[in-house]
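Start at 1 with the first residue, then count along the sequence.
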Amino acid sequence: MFGIDNYLGFILAGMLLNLTPGTDSLYIITRSVAQGQTAGLYSVLGIVSGILVHTLLAALGLSIILANSPLAFMLVKYIGAAYLCYLGVKMLITTAKPLITNALDNSKLTEKSSHNSLDYKQIYKQGVLTNTFNPKVALFFLAFFPQFIDPNYAYSTLSFLILGLTFAVTGLLWCLCLALLASKFSKSLRENPAVESILNKISGVVFIGLGIKLLTEKG
């Protein structure tokens, strides 16, 4: 169907790959633990949007450039690593403010809601960029997806899009579980401003570690 061989096998393999801990999973868990459920959900949407970006690039054949050009691969890799380190440093130097309070009047609540809305948009954008500027994801798409595509099918772009959307859906379900479980586990800790500040600092260190890991990995 649509040039896809063993679609069920692809779904099962995709689910297993989603369960494998990686940069995206750690990013979502870190956000959820440090900043709560809503932040975790926005980070999930950002990561999944990044998957869709890679799907589109792979379908259009642009990801082949990364596979065949060491310079392009290194450039994207450096950008992704630098961005993760930037997020980590930002969390380390930013003074955390309590995210949960039971004593706000209506005007303050409205102001806080508006402020959080802006923060969540930033978290979403950061999730998109974190995934998009990870060249390993692009190369994974090129290496994994063709195994389930009929080479004789005339519309391989459509096959790539279907497989990419499928992988995004399975990834979304798993990442949502990660975000909800991580945020629920850490909710009582985040209600303490001092603990929340520590969680943010730890998150900053984790992000810097992810950036260094991406930078030092061999292509």
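- Leu8 and Val169 fall into different hydrophobic clusters, where Ile, Leu, Val, Met, Phe, Trp and Tyr residues are linked whenever their side-chain heavy atoms come under 4.5 Å apart, directly or through other members.
- Shown here are the side chain to side chain contact (heavy atoms under 4.5 Å, CB included) partners of Leu181, two or more places apart in sequence or in another chain: there are none.
- In this structure, the side chain of Thr132 does not engage the main chain of Leu129 through any donor-acceptor pair within 3.5 Å.
- The structure places CD1 of Ile29 at 11.0 Å from OG of Ser183, a figure rounded to the nearest 0.5 Å.
- Here the straight-line distance linking atom OH of Tyr120 with atom CD of Gln35 works out to 8.0 Å at 0.5 Å rounding.
- At least one side-chain heavy atom of Leu52 sits less than 4.5 Å from a side-chain heavy atom of Leu165.
- Under a hydrophobic clustering in which Ile, Leu, Val, Met, Phe, Trp and Tyr are joined whenever their side-chain heavy atoms come within less than 4.5 Å, directly or via other members, Leu173 and Leu45 fall into different clusters.
- Scanning both residues, Asn131 and His54, for their nearest heavy atoms gives O-NE2, 2.9 Å.
- Once rounded to the nearest 0.5 Å, the distance linking CG of Leu41 with CG of Leu180 reads 5.5 Å.
- Atom-to-atom distance recorded for Tyr7:OH and Ile162:CD1 is 7.5 Å, nearest 0.5 angstrom.
- Using a 4.5 Å cut-off between side-chain heavy atoms of Ile, Leu, Val, Met, Phe, Trp and Tyr, with links allowed through other members, Ile11 and Ile4 fall into the same hydrophobic cluster.
- Summarising the geometry of Val44 relative to Ala179, their closest heavy-atom pair is CG2-CB, 3.9 Å, with the distance given to 0.1 Å.
- Thr55 is linked by a side chain to side chain contact (heavy atoms under 4.5 Å, CB included) to Ile51, Phe141, Leu161, counting only residues two or more places apart in sequence or in another chain.
- Aromatic ring orientation, Phe148 versus Phe10: perpendicular (interplanar angle above 60°, classes split at 30° and 60°).
- Contact of the Leu178 side chain with the Ser25 side chain is registered, since non-hydrogen atoms from C-beta on lie closer than 4.5 Å.
- When every heavy atom of Ser49 is checked against every heavy atom of Val128, the shortest pair comes out as CB-CG2, 3.7 Å.
- There is a path of hydrophobic side-chain contacts, each under 4.5 Å, that joins Ile212 to Val89.
- The distance from the CD1 atom of Ile123 to the OH atom of Tyr27 is 6.5 Å, given to the nearest 0.5 Å.
- Rounding to the nearest 0.5 Å places CG of Asp24 at 9.5 Å from OG of Ser43.
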